[in-house]
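Inspection log for the structure reproduced underneath, given as structure tokens.
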Amino acid sequence: MASLQQSKLAFIGGGNMASAIIRGLVSQDINPRNILVSEPWDVNREKIAEVGVQTTTSNSEAAGDADIVVIAVKPQVTKDVCRELAAAWSQRATLPVVVSIAAGITLSSLKEWLTTSDGRSAHIVRVMPNTPALVKEGASGLLASDDVTPEEKELIGALLQSVSKATEWVDREELLDVVTGLSGSGPAYFFAMVEHLISSATALGLSKEQATRLAAQTCLGAGKMLVESSEEPAQLRKNVTSPNGTTHAALQTFEALNFKDIVDKAVQSATSRAAELGETLGKL
């Protein structure tokens, strides 16, 4: 199979996440002329064309002879897009590898919708990225259909690594729902935490601008320590916590208010909702 540098890439949808991946690929010396993007909105098409890729309004044209097709459309229109592509591929001898970042759409639904008239279906990888991919700091969970080869997995892993610092393969669909509850929705948890830190510090007298800068940098610095340190998060927490000190007082408050249970229930709620959406969207 061709390397990522030699592959023809098609993106069905040119929104924020697709744009982030494309820009990441181009920054890693992928030839933009090997990338064709289908996007119905003029403003998105013009914006993504600035990096040198080819654009079109036709999904079947974009994916016609591509080696890898990334489906980056809203879940509600994924079924129609997949069936359009399957119809266009009925004359192809070899089908592309399909990467779906459409949230909640299961492998079985994608397989059904991408089956050609002669009974063939593309090899499929589901990906759950997250919004830090927009600044090349993403975390992505990946799930492959049973027919995806090791070479294809390596190829798609390389594609996602252009915007994700962590790319984790899972072997069961329900685990991709857990990834959704952890890293897919996770940025919002941290934004909410920082939002409340700013509010608390402002109420105690700091200006909002000062509180925002300090809270944001604290979040960034702590995250960098997590990534770069060989120590477990629990140990890093202990390193900051002096007995009967200020951090100890704050953490005792967290414990008294059942912070662990709050986090558990939040991740479980997001995971359960991801599974529910997969069932609902598959029936559309």
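FYI, the numbering just counts along the sequence from 1.
The backbone N or O of Arg33 lies less than 3.5 Å from a partner atom in the side chain of Gln54, making a donor-acceptor pair. Looking at Arg126, its side chain never comes within 3.5 Å of a backbone N or O of Val99 through a donor-acceptor pair.
Heavy atoms only, all atoms of each residue included: Asn44 and Gly15 are closest at ND2-CA, 4.4 Å. Taking each heavy atom of Ala216 and Val194 in turn, the nearest pair found is N-CG1, 4.5 Å. Residues Ile198 and Ala215 share a closest heavy-atom pair of CG1-CB, 3.9 Å. Considering every non-hydrogen atom in both Thr94 and Arg120, the closest pair reads N-NH1, 4.4 Å. In this structure, Pro96 and Ala122 approach most closely via the heavy-atom pair O-CB, 3.3 Å.
In the hydrophobic cluster analysis, where Ile, Leu, Val, Met, Phe, Trp and Tyr join through side-chain heavy atoms closer than 4.5 angstrom, Leu159 is grouped apart from Leu134. Linking ILVMFWY residues whenever their side-chain heavy atoms come closer than 4.5 Å, directly or via other members, leaves Leu251 and Ile262 in distinct clusters. Residues Trp169 and Val70 fall within the same hydrophobic cluster, defined by Ile, Leu, Val, Met, Phe, Trp and Tyr side chains chained together at heavy-atom separations under 4.5 Å. By the criterion of side-chain heavy atoms lying less than 4.5 angstrom apart, applied directly or through intervening Ile, Leu, Val, Met, Phe, Trp or Tyr residues, Leu36 is not grouped with Val73; the two fall into different hydrophobic clusters.
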Which side-chain N or O atoms in residues 179-192 pair as donor and acceptor under 3.5 Å with protein atoms at least two apart or in another chain?
unit_1: Thr180; atom_1: OG1; unit_2: Leu176; atom_2: O; d: 2.9
unit_1: Ser183; atom_1: OG; unit_2: Val179; atom_2: O; d: 3.3
unit_1: Ser185; atom_1: OG; unit_2: Thr180; atom_2: O; d: 3.3
unit_1: Tyr189; atom_1: OH; unit_2: Gly181; atom_2: O; d: 2.6

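Between the side chains of Gln28 and Ser162, no donor-acceptor pair is found at a separation under 3.5 Å. A donor-acceptor pair shorter than 3.5 Å cannot be found between the side chains of Gln5 and Asn31. Ser272 and Ser269 share no side-chain donor-acceptor pair at under 3.5 Å. Side-chain contact, Ser38 with Asn59: a donor N or O sits under 3.5 Å from an acceptor N or O. Side-chain contact of Arg23 with Ser19: a donor-acceptor pair under 3.5 Å is present, judged by distance alone. Side chains of Thr106 and Ser108: a donor-acceptor N/O pair is present below 3.5 angstrom, by distance only.
Heavy atoms of other residues, nucleotides or ligands lying less than 6.0 angstrom from CD of Glu174 number more than 12. Annotation: Asn239, atom CG; neighbour count of heavy atoms from other residues, nucleotides and ligands within 6.0 Å is above 12.
A search for salt bridge (Lys or Arg N to Asp or Glu O under 4.0 Å) contacts involving Lys165 returns Glu137, not counting sequence neighbours.
Atoms CG and CG, from Leu236 and Leu226 in turn, are 6.0 Å apart once rounded to the nearest 0.5 Å.
Hydrophobic clustering, defined by side-chain heavy atoms of Ile, Leu, Val, Met, Phe, Trp and Tyr closer than 4.5 Å, leaves Leu257 isolated from every other such residue.
No salt bridge links Arg83 with Asp80; every basic N to acidic carboxylate O contact stays at or beyond 4.0 Å. Salt-bridge formation is not detected for the pair Glu232/Arg237: no Lys NZ or Arg NE/NH1/NH2 atom is positioned less than 4.0 Å from an Asp or Glu carboxylate oxygen. We find that Lys111 and Asp147 are joined by a salt bridge, their nearest charged nitrogen and carboxylate oxygen being less than 4.0 Å apart. By the 4.0 Å N-to-carboxylate-O rule, Asp261 lies too far from Lys265 to be salt-bridged with it.
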side-chain hydrogen bond (donor to acceptor under 3.5 Å, both in side chains) between Thr167 and Ser164, intermediate numbers included | CA-CA 6 Å; Thr167 53; Ser164 290; over 6 Å; no

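Side-chain contact between Leu9 and Asp67 is absent, with no heavy-atom pair separated by less than 4.5 Å. In this structure the side chain of Val148 reaches within 4.5 angstrom of the side chain of Val125, judged on heavy atoms.
Considering Ile30, Ile35, Asn34 in turn, Ile35 is the only one that fulfils the side chain to side chain contact (heavy atoms under 4.5 Å, CB included) rule with Val53. Shown are Ile124, Leu277, Leu110; of these, the side chain to side chain contact (heavy atoms under 4.5 Å, CB included) with Ile105 is made only by Leu110.
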